[in-house]
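One structure below.
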Amino acid sequence: MESGLIFRRILILKTLTDKVRNKILFIVLSAVFFPLVVLSQETDSIVGRPYKSFDTIAFCSYQKFHPSQYLTDNNWDILCAFVEPGKTVKLDSLGIPYNRSQLRLLEIGDLLSYENGIYKTIMPIFGKTETQTIRRQSKEFADSIFPIIEPELMQLITDFDKAGYAKQTYSLIFSYLLDTYIWDNERLASPMNCENHGSWTGAYWAMYDSRSHVKIGTNGFGPIHQNWTDDLGYWLKSNKLIAFAKEVNKTHGRPIENKDVINAIDGWGLINQDGKILIPIMRVGSNDKIDVLCKSITTQLSEAVKFYCHSWSAEHNIASEKLGQIIFYHEVMWDLLDILESKGMISMPPILKGEEVGKEHFGDICFIVLEENQD
């Protein structure tokens, strides 16, 4: 690594707070002398590889068209071909059929650009070698940052248990702390604060292969959040969760009174017959013990990610630092989850593993997020 790059990384530390700077300095120094090899992406490493073989991530919001909906016919092959920019003759040489309407559709979806006869894929698509490099880097980062945030993570887990949230601890750590709280624009950008792509806003990218960890994510229905895996066998219909969410907004977490809603979600572990809410209510901005810990942990994480991505984004030809932060943290998040599970600090509840435990355990993977107004 060039000494100029090292100097720039150290210099940027001066713009951070003393507390955060001191905590992340050793992360930088531990990695700064380990060269980050920037490998050019070979087109033939991805051309012909089916879309379903990639690990695609859509961190976005949309009204009508999700970015994946532009990948009709063989549009994915076209995108893979133009990771390295070229003219349409390139598609002919690769034996990829196309028509002008396909190219135009990908332009409309803001997945492909066209200028002076040259097409270039806008959507980041990482080949095998680069995916391996990125995941090595994210693991090194997670291994370095974890000892810094571990004491507060342990305290947070203890406080969840004291609050009666032991069943939901896994989902609160992953879906709430790592996959919700941090995306608040002050820490890392939410989809709504990302680039607008016409019919969708946010980020959409593909890694060469999926991680070994079971696919897991978070769905949001207003203030209602649901942790999920591909193995989950219990799904409460979206319209019922939305109706429940509307009532929660009305009462701001107090018992709901709408009998139709109570009856509709009866037996799913979300409320009792009296309308009392049974799942955790996270009050962002309340400055209670849990909120203070969540704020501290995610602030340290986001500061370190932002600093790391000053150079990392450019090294991987990512269009902006904001996009780089989103992509890199999504990898770091999985590595942090692996560490938490390997240390036995959290364990996946049976319902997420696909076990037939009964729909009443649906509440084990749900929680409510309410914003508290601060005067």
Side-chain angles (χ1 to χ4, degrees), residues 9 12 16 20 23-24 27-28 30-31 36 55-61 123-126 130-150 152-153 156 171-195 201-208 210-211 213 215-218 220 225 227 284 294-341 346 369:
R9 285 185 170 178
I12 293 167
L16 303 176
V20 175
K23 286 189 174 182
I24 69 172
I27 300 176
V28 182
S30 67
L36 302 179
D55 185 10
T56 54
I57 302 96
F59 180 73
C60 67
S61 61
M123 173 186 180
I125 303 174
F126 300 99
E130 191 163 20
T131 294
Q132 292 173 340
T133 299
I134 289 171
R135 288 177 174 166
R136 173 181 56 76
Q137 293 167 340
S138 70
K139 185 179 186 305
E140 291 170 353
F141 179 95
D143 287 342
S144 297
I145 195 72
F146 189 82
I148 296 173
I149 60 176
E150 184 176 12
E152 288 187 324
L153 281 168
L156 182 60
S171 295
L172 289 174
I173 291 294
F174 175 79
S175 284
Y176 178 58
L177 179 73
L178 299 180
D179 197 27
T180 296
Y181 200 103
I182 200 167
W183 304 113
D184 68 346
N185 297 328
E186 179 183 344
R187 290 164 185 82
L188 295 179
S190 68
M192 293 301 294
N193 198 41
C194 292
E195 185 177 353
T201 302
Y204 184 48
W205 70 96
M207 309 298 285
Y208 185 85
S210 298
R211 285 174 172 263
H213 196 287
K215 196 75 171 180
I216 182 172
T218 308
H225 293 255
N227 195 186
V284 179
C294 289
K295 185 183 298 183
S296 177
I297 293 167
T298 54
T299 295
Q300 291 175 85
L301 271 175
S302 61
E303 291 279 5
V305 167
K306 287 176 182 177
F307 175 73
Y308 190 89
C309 287
H310 276 307
S311 58
W312 183 87
S313 301
E315 288 165 358
H316 291 283
N317 298 312
I318 297 171
S320 69
E321 283 190 28
K322 183 182 290 186
L323 178 58
Q325 292 162 12
I326 291 169
I327 293 173
F328 184 65
Y329 177 72
H330 269 84
E331 294 299 322
V332 170
M333 184 169 63
W334 294 112
D335 291 316
L336 291 174
L337 181 62
D338 284 340
I339 295 172
L340 285 160
E341 290 180 314
I346 59 173
V369 179

(request) Would you name the heavy atoms of G220 and H225 that are closest together and state the gap between them? (result) CA-ND1, 4.2 Å

(message) Has N227 got a side-chain atom pairing as donor or acceptor with G217's backbone, closer than 3.5 angstrom?
(response) yes

(message) Does either side chain, that of E152 or that of Q300, offer a donor lying less than 3.5 Å from an acceptor on the other one?
(response) yes

(request) Report the residues that fulfil side chain to side chain donor-acceptor pair (under 3.5 Å) with D55, sequence neighbours left out, ordered by chain and then residue number. (result) R135, K215

(message) Applying ring-ring contact (aromatic ring centres under 6.0 Å, His included), can you list everything that pairs with Y204, at least two apart in sequence or on another chain?
(response) none

(request) Look at E321 together with K306 and state whether they make a salt bridge at an N to O cut-off of under 4.0 Å. (result) no

(message) Are D335 and E140 packed together at the side-chain level, in the sense that at least one heavy-atom pair is separated by less than 4.5 angstrom?
(response) no

(message) Could you report the tightest heavy-atom contact between S144 and P147, atom names first, then the distance?
(response) O-CD, 3.3 Å

(message) Could you work out, with side-chain contact (heavy atoms from CB on, under 4.5 Å) as the rule, every residue matching Q132, not counting sequence neighbours?
(response) K128

(request) Would you check, one step at a time, whether the test side-chain contact (heavy atoms from CB on, under 4.5 Å) holds for I346 with L172? (result) CA-CA 10 Å; I346 59 173; L172 289 174; over 6 Å; no

(request) State, with a plain yes or no, whether a side-chain heavy atom of I326 is found less than 4.5 Å away from one of I57. (result) no

(message) Test side-chain contact (heavy atoms from CB on, under 4.5 Å) on T218 and F174; report intermediate values, then the result.
(response) CA-CA 9 Å; T218 308; F174 175 79; 4.3 Å; yes

(message) What verdict does the side-chain contact (heavy atoms from CB on, under 4.5 Å) test give for Y208 and I125, after you've listed the backbone C-alpha separation in whole Å, the side-chain angles of each residue and the deciding distance to 0.1 Å?
(response) CA-CA 8 Å; Y208 185 85; I125 303 174; over 6 Å; no

(request) Hey, could you give me the OG/CG distance between S302 and N185, rounded to the nearest 0.5 Å? (result) 11.5 Å

(message) Please enumerate all residues that pass ring-ring contact (aromatic ring centres under 6.0 Å, His included) together with Y329, with sequence neighbours excluded.
(response) W183

(message) Going by the rule side-chain contact (heavy atoms from CB on, under 4.5 Å), which residues pair with P124 if we only count those two or more places apart in sequence or in a different chain?
(response) F126, W205, L323, I327

(request) Would you mind reporting whether H213 and E341 have side-chain heavy atoms less than 4.5 Å apart? (result) yes

(message) Against I182, only a single residue in L177, V305, T299, L188 fulfils side-chain contact (heavy atoms from CB on, under 4.5 Å); can you say which?
(response) L188

(request) List the atom of Q325, the atom of S313, and the distance in Å for their closest heavy-atom pair. (result) N-OG, 4.4 Å

(message) For D184, give me all partners under side chain to side chain donor-acceptor pair (under 3.5 Å), at least two apart in sequence or on another chain.
(response) R187

(request) With rounding to the nearest 0.5 Å, note down the distance linking CD1 in I149 to CG in L336. (result) 5.5 Å

(request) Please list, chain by chain and in numerical order, all residues satisfying side-chain contact (heavy atoms from CB on, under 4.5 Å) with T201, sequence neighbours excluded. (result) S61, N196

(message) Just checking F59 against H330, ring centres under 6.0 Å apart?
(response) yes

(message) Just to verify, what does W334 make a side chain to side chain donor-acceptor pair (under 3.5 Å) with, not counting sequence neighbours?
(response) none

(request) State the CE-CG distance between M333 and L301, to the nearest 0.5 angstrom. (result) 11.0 Å

(request) Please identify each residue that fulfils salt bridge (Lys or Arg N to Asp or Glu O under 4.0 Å) with K139, with sequence neighbours left out. (result) D143

(message) Can you classify the ring geometry of W312 versus H316 as parallel (below 30°), tilted (30 to 60°) or perpendicular (above 60°)?
(response) tilted

(request) Of all the heavy-atom pairs spanning C309 and G324, show the shortest one and how long it is. (result) SG-O, 3.8 Å

(message) Would you call the rings of F328 and Y308 parallel, tilted or perpendicular, taking 30° and 60° as the class edges?
(response) parallel

(request) List in chain and number order the residues that pass side chain to side chain donor-acceptor pair (under 3.5 Å) with E150, two or more places apart in sequence or in another chain; answer none if no residue qualifies. (result) none

(request) Might you point out which heavy atoms bring I145 and A304 nearest each other, and give the distance in Å? (result) CD1-CB, 4.0 Å

(request) Heavy atoms only: give me the nearest A206-T56 pair and the separation to one decimal. (result) CB-CG2, 3.7 Å

